[in-house]
Colleague: 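Structure incoming, see below.
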Amino acid sequence: MHSEHPAADDSSSQARKQERTLEDRDRSLADADQQAAESEQTAADREQAAADSDQAASDRDLLHGGDPEVHDSSRTVRNRTAQQRLYSALGRAKAADDRDQVAHARDLIALSREQAAEMSDRELASNGGAPGRRAETLVHVEDHRHAAAGRVVAAEGRVKEAADREQAGLDREQAGHDRSQAQEDRDGLLQQLATAKTDGLTGSGSRATGLENIGREIDRAHRTMAPLVIAYVDVVGLKAINDTRGHAAGDALLQHAVNAIRDRLRSYDLIVRVGGDEFLAVMSGATIEDAHERFAAIQAALADGPDRCEIKVGFAALQADDSATELIKRADAELPSSARR
């Protein structure tokens with residue numbers, strides 16, 4: 001059975017079709033909004049996990065009083081924390097972008113609803129008083145009701161759009177904070193690494209990092225079949241100077257000895273402080289004769305001048321099956337007996 005008013009039916013059908021399209025887009029936007037909220041929650045959870053890890057690392061450092069193995073473990077945790085904070089920042093930035101897109105889409109839907117309402121109003125005004133179009137007018141009245149409802153939904157959409165844009169701004173602000181915090185974490189980690197690698201008094205390598213570097217040098221020498229010598233150095237008289245002249249004088253003694261060693265070794269030779277007055281010098285590519293010659297010059301320089309200082313040295317050349325521990329132990333055993341405690 002055909003309708004007596006096909007124009008009215010077509011208009012009503014198009015209006016309903018457009019309304020269904022807008023409703024489908026509304027549902028899609030609601031899903032996108034939910035995804036943005038979930039992304040934000042994920043970022044917040046990640047941020048909390050990073051904060052918890054950072055606190056645990058700090059507590060561990062404090063509890064163990066700077067133990068090298070504990071410090072290395074904490075350093076790994078802090079590095080992971082910085083990475084988590086960066087992921088959190090990226091997550092929040094993505095959530096902000098998603099919310100912006102949702103807000104823009106809601107804006108377009110609101111505009112479409114308002115345009116549909118205005119079109120229905122114009123059609124109702126043009127058809128309402130024409131003779132013979134009563135049924136068509138009734139259809140347009142129904143369209144007008146839909147248009148009025150559309151205006152309400154459009155207004156609600158604009159309110160939601162404004163909320164989305166505000167939340168997007170907050171997300172970006174938090175993302176910026178997360179990025180800043182991640183950078184601070186990295187800067188702090190780099191500072192810790194620099195502190196861990198260097199003995200603060202003498203500028204030589206610290207024990208934990210220095211022993212790692214010595215191990216790498218020995219591995220390289222084994223691979224390349226190159227000679228390598230370790231000198232085990234003992235600064236003589238440190239305890240006596242500390243007891244009679246104070247620790248400042250003892251510190252000056254150590255600094256003077258290390259400076260003399262550094263001045264007469266090559267720039268890439270390792271110097272590592274392994275005890276209060278004990279140091280290792282690693283000379284890659286050097287023979288035992290080279291090492292003896294260099295340290296004879298160092299001892300002569302330290303024995304001359306107003307700040308005279310004495311060091312005792314034991315030497316060990318790398319052998320085919322040596323580990324770092326074995327090589328250091330042999331160099332220690334070669335120290336003159338007066339230097340051993």
Side-chain angles (χ1 to χ4, degrees), residues 66 68 71 190-218 220-221 227-318 324 327-328 330-332 334-341:
H71 183 274
L190 291 175
Q191 182 62 39
Q192 289 179 20
L193 289 174
T195 301
K197 289 179 179 178
T198 306
D199 174 55
L201 176 64
T202 63
S204 59
S206 66
R207 179 185 178 88
T209 305
L211 291 177
E212 289 179 8
N213 291 336
I214 291 173
R216 283 194 285 270
E217 285 296 311
I218 289 175
R220 184 183 298 112
L228 180 146
V229 175
I230 280 187
Y232 201 115
V233 180
D234 181 273
V235 180
V236 177
L238 177 64
K239 185 177 184 304
I241 289 179
N242 282 339
D243 291 343
T244 59
R245 296 168 52 191
H247 285 278
D251 290 347
L253 173 71
L254 293 177
Q255 291 169 340
H256 179 50
V258 172
N259 288 339
I261 295 171
R262 185 180 293 113
D263 287 345
R264 287 160 181 81
L265 293 186
R266 299 161 301 182
S267 60
Y268 52 85
D269 289 332
L270 297 178
I271 305 173
V272 178
R273 186 178 185 183
V274 291
D277 56 2
E278 297 173 322
F279 297 83
L280 295 174
V282 182
M283 292 162 281
S284 300
T287 65
I288 197 78
E289 291 77 18
D290 295 331
H292 276 287
E293 183 178 343
R294 287 184 181 277
F295 272 89
I298 292 169
Q299 288 171 314
L302 287 172
D304 190 24
D307 299 320
R308 283 190 293 274
C309 172
E310 182 183 1
I311 61 172
K312 301 293 185 181
V313 190
F315 300 96
L318 182 66
L327 187 59
I328 292 169
R330 266 209 329 276
D332 184 18
E334 291 298 317
L335 274 171
S337 58
S338 60
R340 296 206 200 98
R341 285 161 295 281

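Treat the numbers as computed from the prediction; the structure is a model and nothing was measured. Note that the numbering runs from 1 along the sequence shown for the chain.
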Colleague: Please check if the side chain of Glu310 supplies one atom and the backbone of Ala303 the other of a donor-acceptor pair under 3.5 Å.
Modeller: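 No; zero donor-acceptor contacts below 3.5 Å.
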Colleague: Just jot down the side chain to side chain contact (heavy atoms under 4.5 Å, CB included) partners of Ala249, sequence neighbours excluded, or say none.
Modeller: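 Listed in chain order: Ile241, Arg245.
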Colleague: How close do Ile288 and Ala317 get, counting heavy atoms only, and between which atoms?
Modeller: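 Scanning both residues, the minimum pair turns out to be CD1-N, 4.1 Å.
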Colleague: Which pair of non-hydrogen atoms, one from Glu334 and one from Phe315, has the smallest distance, and what is that distance?
Modeller: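 Smallest interatomic distance, heavy atoms only, reads CG-O, 3.3 Å.
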Colleague: Can you tell me how far the OH atom of Tyr232 sits from the CG atom of Leu335, to the nearest 0.5 Å?
Modeller: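 One finds 7.0 Å between OH of Tyr232 and CG of Leu335.
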Colleague: Please report the shortest heavy-atom distance between Ala291 and Val229, naming the atom on each side.
Modeller: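 It is CB-CG1, 3.6 Å.
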Colleague: Donor-acceptor pairs under 3.5 angstrom involving side-chain atoms of residues 252-265: please list them, not counting sequence neighbours.
Modeller:
from	atom 1	to	atom 2	distance (Å)
Gln255	NE2	Leu201	O	3.2
His256	NE2	Asp307	O	2.9
Asn259	OD1	Arg262	NH1	3.2
Asn259	ND2	Gln255	O	3.1
Arg262	NH2	Thr202	O	3.2
Arg264	NH1	Ala260	O	3.4

Colleague: How long is the gap from NZ on Lys312 to CG on Asp234, to the nearest 0.5 Å?
Modeller: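 Reported value, rounded in 0.5 Å steps: 9.5 Å.
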Colleague: Supply the atom-to-atom distance Asp304 CG to Cys309 SG, rounded to the nearest 0.5 angstrom.
Modeller: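 Here the rounded value is 12.5 Å.
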Colleague: Which heavy-atom pair separates Ser284 from Tyr268 by the least distance, and what is that distance?
Modeller: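 Closest pair (atom of Ser284, atom of Tyr268, distance): O-CE1, 4.5 Å.
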Colleague: Report yes or no: does Arg273 contribute a side-chain atom to a donor-acceptor pair with the main-chain N or O of Gly210 at less than 3.5 Å?
Modeller: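 Side chain of Arg273 to backbone of Gly210, a donor-acceptor pair under 3.5 Å: no, none is there.
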Colleague: Would you sort out whether Ile328 and Leu211 count as a side-chain contact (heavy atoms from CB on, under 4.5 Å), showing the intermediate values?
Modeller: CA-CA 10 Å; Ile328 292 169; Leu211 291 177; 3.9 Å; yes
Colleague: Show me the pairs that pass side-chain hydrogen bond (donor to acceptor under 3.5 Å, both in side chains) and involve residues 287-297, at least two apart or across chains.
Modeller: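 The answer is Thr287-Glu289, Thr287-Asp290.
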Colleague: Kindly give the heavy-atom pair with the smallest separation between Ala221 and Leu318, and that separation in Å.
Modeller: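 Closest approach of Ala221 to Leu318: CB-CD2, 3.6 Å.
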Colleague: Please find the pair of heavy atoms, one from Ile218 and one from Ala324, that lie closest to each other, and give the distance.
Modeller: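 Heavy-atom minimum between the residues: CD1-CA, 3.4 Å.
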Colleague: Just how far is it from atom CD1 of Ile214 to atom OG1 of Thr209, taken to the nearest 0.5 Å?
Modeller: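 The OG1 atom of Thr209 is 11.0 Å from CD1 of Ile214, to the nearest 0.5 Å.
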Colleague: Mind checking the CD1-CG spacing from Ile311 to Leu302? Nearest 0.5 Å is all I need.
Modeller: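 Those atoms lie 5.5 Å apart.
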Colleague: Say you draw a straight line from CG of Leu228 to CZ of Arg220; how long is it, rounded to the nearest 0.5 Å?
Modeller: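 Between atom CG of Leu228 and atom CZ of Arg220 there are 10.0 Å.
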